[in-house]
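To keep things clear, I will list the structure first and then write my remarks on it.
Values in this document were obtained by computation on a predicted structure and should not be read as measured data.
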Amino acid sequence: MGWLNRLAIKYIQTPEKLAENELRDTRLALYQSERQLLEAEMRVDYYRNVLGFLEAIAADGVESVADSQRPKHTPQPQGPQRLTPDLSTYRGAA
């Protein structure tokens with residue numbers, strides 16, 4: 001009969017266990033809502049940018065908008081970005 005009591009105590013829903021389950025579910029719901037909010041803000045920013053781009057094209061024309069978005073000058077590579085070390089300075093070099 002003791003094993004039946006232990007089994008019942010383990011699986012019975014006490015107010016504390018119910019609160020723990022609700023807490024976990026509420027945290028998950030909050031996380032999902034925050035993620036949906038961030039995704040909605042990203043969509044709003046995207047459509048604002050598209051709207052501004054299309055308004056600029058309608059007002060100024062395609063060529064002037066394309067020219068304004070091109071970089072003014074392209075930087076020329078001035079040399080290697082990463083220099084290789086001189087291996088003769090390392091121990092064991094011949």
ILVMFWY cluster, Leu37 and Val44 together (side-chain gap under 4.5 Å)
no
Not counting sequence neighbours, which residues clear side chain to side chain donor-acceptor pair (under 3.5 Å) with Asn21? List them please.
Arg24
Starting at CG of Leu38, measure out to CD of Glu41 and round the result to the nearest 0.5 Å.
5.5 Å
From Ser64 OG over to Ile57 CD1, what is the distance, rounded to the nearest 0.5 angstrom?
9.0 Å
For Leu30, which of Glu34, Gln32, Arg27 qualifies under side chain to side chain contact (heavy atoms under 4.5 Å, CB included)?
Glu34
Just to verify, what does Arg43 make a salt bridge (Lys or Arg N to Asp or Glu O under 4.0 Å) with, not counting sequence neighbours?
none
Greater than 12 external heavy atoms within 6.0 Å of Leu7's CG:
yes
Output for pair (Glu16 CD, Leu23 CG), nearest 0.5 Å, gives 13.5 Å
From CA spacing to verdict: side chain to side chain contact (heavy atoms under 4.5 Å, CB included), Arg70, Asp67
CA-CA 5 Å; Arg70 285 192 189 117; Asp67 290 340; 2.6 Å; yes
Closest approach of Lys17 and Tyr11, non-hydrogen atoms and distance?
NZ-N, 4.3 Å
Would you say Phe53 and Val50 are hydrophobically clustered, going by side-chain heavy atoms of ILVMFWY under 4.5 Å?
yes
Are Val65 and Leu51 linked, directly or through other ILVMFWY residues, by side chains that come within less than 4.5 angstrom of each other?
no
